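The structure appears below as structure tokens.
Note that this is a predicted model, so its numbers are computed, not measured. Residue numbers start at 1 and run along the sequence shown.
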Amino acid sequence: MDRSRDDRDFDGNSKDEQLEKYREENTGPGEKLTSDAGLKISNDRWSLRAGKRGPTLFQDFHFYKKQSHFNRERIPEKVVHARGDGAYGEFELYKSMRHVTRAHFLQEPGCKTPVFVRFSNFIGSKGSKDTAIDIRGFATKFYTQEGNYDMLALSFAVFSVMDAMKFADFVHAVKPNPRTDVPQATVAHDNAWDYVANNQEIAHFIMWLMSSRGRPKSWRMMEAWPVNTFRFINEQGISTFVRFVWKPVLGVHSLLLDEANIIGGVDPDFHRRDLHDAIRLKAYPEYELGVQLIAEEDEFKYDFDILDDTKLWPEEVVPVEIIGKLTLNRLVDNHFAEEEQASFDPSTIVPGIDFSDDPVLQGRSFAYRDTDYHRLGTGNINEIPINQPIVETNFNQRQSDVRHRIDVDSVNYHKNSLAGNTPAETPPEEGGYAHYPEKVEGRKTRERPSESFYNFFSQPRLFWNSMSPVEKQQIIETFNFHLGYVKSKSVRQQVVDMFGNVDTGMATAIAETIGVNPPTKPHVPVTACSPTLSISNTPHYAYSQKVGVLIGNGFNGDEVRHVLNVLKEYGVFIEVISEKLGTVTGADGTKIKVDKIFVSTYPVLYDSIYVVGGSTENQKKFNQDIMTFINEAYKHYKPIGIATTAQSYIQVSENNNLAGVVFAASNPDFAKEFVSAIAQQRFWNRK
């Protein structure tokens, strides 16, 4: 029976129910250790030897099987996007898109589709750090009523190359030096910047990378775009060009350069931990899906080529229409079995969605499945539970490694008479996939699709014009950080000359720091800006911001209890930090559980601090630790709340203005004022 397009309702639990038959518990009362063949094991601690002090015997099959399986536990890591993590959830449609697409999951408002999402870093290896300055992946697998649909997004609206032919060169250049395998997870080296200077189509991508977008505070606060141009196809066969964007409900927020570098050392799993904590505390990550639509007849209407992935579609020119919401609400049960074996492929699409002639998309449609055939070691990628669609599948592919299906048919080809020519084709009008019948003609060529592909600097200039003064300064600092590692003066000079086309002042400021000459040519004459590109315009909430409570004994119980209750009321995450684990006791006997000790945590891991103070066994060390937290939080422009018992820790002087520091003394509204400060997140006017 063909159930690829029917009217069954799938919800967020459909995939979970399918996975249930694969889950196994090995531990628990009465459970006995066995081999993978079911043999009960009497000794899993000592190998079989010839005598107490003799050599191990080859006949110890248990040791052989245990060790040989262990030797094969690792599979090749992804060449890019190796480091990541994922979660399950559901996508709910807000409004019907029937007028532009026949895709079943985009038809009826309220339709819910189970999903799996994988977040990842692009450059570093599986063992690198979460907070590296890098582009992030945001890959979503929709388990739809018509089969799987994979949407592969990135945290930038633009890509690094104009044609898939150059992708391998780009990756080779930004990966660690092939002689030394250094540096890891960063483009702060000569090869990367030599590539940039000599492949200037990358200018727009680099502006995004050097901006605060290259170091998100959280995956939950990260915008994402599939960057490629697709087609929607409706029931009448009419094509509409489409680009997608995920917009985080919490807004787009970033780490400072200094914070990202420090966190990478003290907590390299920072983003993973944040995702786990948020879902565990039911602060489920949420993203709204937006679409930008361009009618087929308007393909050449704009001053950018809609097939050029190094160009964005400015929202002021091509508005974003919000059509649904993604909610992530469940973590994986086993990281390897689910996250590591998840396969995403841009050519995994459903009726109503098709490719454009975007040169990068054309190459991606081949590359992803091919690399996973190698990495996962089998042609049966979709038999792995995480990749299985939740609709019935009938196909004639057979065998290959790790085949679990036991196909009992004696016929495995098309066409046939022995099985009544089944499995049968499904005509497009009944849900079968059919490509858009685009008219194609011309000579074979390696030319670029249009002259606007050669315009490398107008949109990077648009990006620069759209930034706030703080964001512009951060871009300059990030350029300086990376180029400061480049040994070749020639490469540094080439980069400055190149980005002089984007902004003369920016490039001159960079040149002054990295020891080369300022650019000699003016920047391109573009004055337009796009306010949506600046994260200074993003929503701000206190919800799920993380506050470190610095506390000892003898605190004001009524005051602290009230403040903590208000923080919880607004969904603020709280961690209590003190000298020792256990509890701290207030002057009125109030006891508060300690979550962290100063020696095992760091100021950069918190979005804000609430300084309560108090007494401890080692008062001098306690006070020093509190001052370290205050100084770091103040330096990073973060909100600081000061309890009545902690006023001595921070004083107004001519050297500071204490912007974003909220005092409880003589302030009955302290708790709510502190929440408002937490929501603001950064106080850029602080001195």
Side-chain angles (χ1 to χ4, degrees), residues 100-103 149-152 154 157-171 195 198-205 225-244 291-314 317-318 345-371 425 427-429 432-460 524:
V100 289
T101 180
R102 60 183 294 197
Y149 167 52
D150 290 351
M151 181 187 287
L152 288 81
L154 298 171
V158 296
F159 201 46
S160 55
V161 297
M162 293 176 167
D163 191 288
M165 179 72 83
K166 298 186 71 172
F167 184 67
D169 297 311
F170 167 65
V171 174
Y195 178 90
N198 288 279
N199 296 270
Q200 297 192 359
E201 70 199 59
I202 202 174
H204 197 184
F205 177 90
W225 297 259
V227 303
N228 298 125
T229 300
F230 292 85
R231 292 179 186 271
F232 272 158
I233 313 295
N234 67 11
E235 289 286 0
Q236 292 72 44
I238 298 171
S239 165
T240 304
F241 293 107
V242 59
R243 283 194 180 183
F244 302 95
V291 295
Q292 292 176 286
L293 303 173
I294 293 179
E296 184 87 11
E297 60 269 22
D298 293 336
E299 178 177 359
F300 301 104
K301 176 181 175 180
Y302 305 93
D303 62 1
F304 53 87
D305 195 313
I306 68 170
L307 302 183
D308 182 354
D309 291 338
T310 67
K311 310 293 195 298
L312 56 82
W313 298 1
V317 178
V318 186
D345 171 16
S347 68
T348 299
I349 53 180
V350 292
I353 299 175
D354 202 351
F355 303 144
S356 72
D357 293 332
D358 173 338
V360 173
L361 177 58
Q362 292 288 315
R364 293 181 83 197
S365 67
F366 157 78
Y368 281 71
R369 175 51 63 96
D370 187 65
T371 194
E425 296 171 333
E429 59 272 17
Y433 189 88
H435 291 276
Y436 177 66
E438 178 186 10
K439 182 179 179 181
V440 178
E441 60 183 16
R443 298 181 182 275
K444 294 179 181 177
T445 180
R446 294 190 188 274
E447 297 173 284
R448 297 188 184 192
S450 69
E451 285 301 308
S452 67
F453 272 69
Y454 290 93
N455 184 350
F456 299 155
F457 298 111
S458 291
Q459 283 212 347
V524 294

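Remark: Arg231 pairs with Glu296, Glu438 by the salt bridge (Lys or Arg N to Asp or Glu O under 4.0 Å) rule, at least two apart or across chains.
Proximity of a side-chain donor or acceptor of Gln459 to a complementary backbone N or O of Leu312 within less than 3.5 Å is detected. At least one donor-acceptor pair closer than 3.5 Å links the side chain of Ser365 to the backbone N or O of Gln362. Here the side chain of Asp150 pairs no donor or acceptor atom with the backbone of Thr348 at under 3.5 angstrom. Under the 3.5 Å distance criterion, the side-chain polar atoms of Glu201 are left unmatched by any main-chain donor or acceptor of Phe453.
The shortest non-hydrogen separation linking Ser356 to Leu307 is OG-CD2, 3.6 Å. In terms of heavy atoms, Val350 sits closest to Ala103 at CG2-CB, 4.3 Å. When all heavy atoms of Leu361 and Pro346 are compared, the pair lying nearest together is CD1-CB, 4.3 Å. Thr310 and Ser160 get closest at one heavy-atom pair: CG2-C, 4.5 Å. In terms of heavy atoms, Gly363 sits closest to Ala164 at CA-CB, 3.6 Å. Between Pro226 and Met151, the shortest heavy-atom distance links the atoms CG-CG, 3.7 Å.
Counted within 6.0 Å of CD on Glu447, heavy atoms from surrounding residues, nucleotides or ligands total 12 or fewer; the atom is thus considered open.
The CZ atom of Phe159 sits 9.0 Å away from atom CD1 of Ile202, with the distance rounded to the nearest 0.5 Å. The structure places NE2 of His204 at 9.0 Å from NZ of Lys311, a figure rounded to the nearest 0.5 Å. Note that CG of Asn199 and CZ of Phe456 are 9.0 Å apart. Values are rounded to the nearest 0.5 Å. With rounding to the nearest 0.5 angstrom, the CD1 atom of Ile349 is 3.0 Å from the OH atom of Tyr433. Of the inter-residue distances, the one linking Asp163 atom CG with Lys166 atom NZ reads 9.0 Å to the nearest 0.5 angstrom. Distance check: Tyr436 OH to Ile238 CD1 gives 9.0 Å after rounding to the nearest 0.5 Å.
Between Val171 and Phe167 there is a side-chain heavy-atom pair separated by less than 4.5 Å. Within the 4.5 Å cutoff, the side chain of Pro449 has heavy atoms near those of the Pro359 side chain. Side-chain contact between Pro428 and Arg102 is present, with heavy atoms from C-beta onward closer than 4.5 Å. Arg364 is listed as a side-chain neighbour of Leu152, based on a closest heavy-atom distance under 4.5 Å.
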Walk me through whether Phe355 and Ser347 qualify under side-chain contact (heavy atoms from CB on, under 4.5 Å). CA-CA 8 Å; Phe355 303 144; Ser347 68; 3.8 Å; yes
Output, in order, the C-alpha distance, side-chain angles, deciding distance and verdict of side-chain contact (heavy atoms from CB on, under 4.5 Å) for Ile353 and Ile233. CA-CA 6 Å; Ile353 299 175; Ile233 313 295; over 6 Å; no
Audit row: Ile306, Tyr302, side-chain contact (heavy atoms from CB on, under 4.5 Å) steps and yes/no: CA-CA 8 Å; Ile306 68 170; Tyr302 305 93; 4.2 Å; yes
CA sep, side-chain torsions, deciding dist, call: Phe170, Phe205, ring pair (Phe, Tyr, Trp, His ring centres under 6.0 Å): CA-CA 12 Å; Phe170 167 65; Phe205 177 90; 5.7 Å; yes
Give the intermediate values and the outcome of side-chain contact (heavy atoms from CB on, under 4.5 Å) for residues Val318 and Ile294. CA-CA 8 Å; Val318 186; Ile294 293 179; 4.0 Å; yes
Please walk me through it: do Phe232 and Phe244 pass ring pair (Phe, Tyr, Trp, His ring centres under 6.0 Å)? CA-CA 11 Å; Phe232 272 158; Phe244 302 95; 5.7 Å; yes
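Between the side chains of Ser458 and Asn455, at least one donor-acceptor pair of N or O atoms lies under 3.5 Å. Neither side chain, Thr101 nor Asn234, offers a donor N or O lying under 3.5 Å from an acceptor on the other.
Of the residues listed (Asp298, Thr229, Asp358), the one engaging Phe241 in a side-chain contact (heavy atoms from CB on, under 4.5 Å) is Thr229, and it is the only one.
A salt bridge links Arg243 with Asp309: at least one charged nitrogen is closer than 4.0 Å to a carboxylate oxygen.
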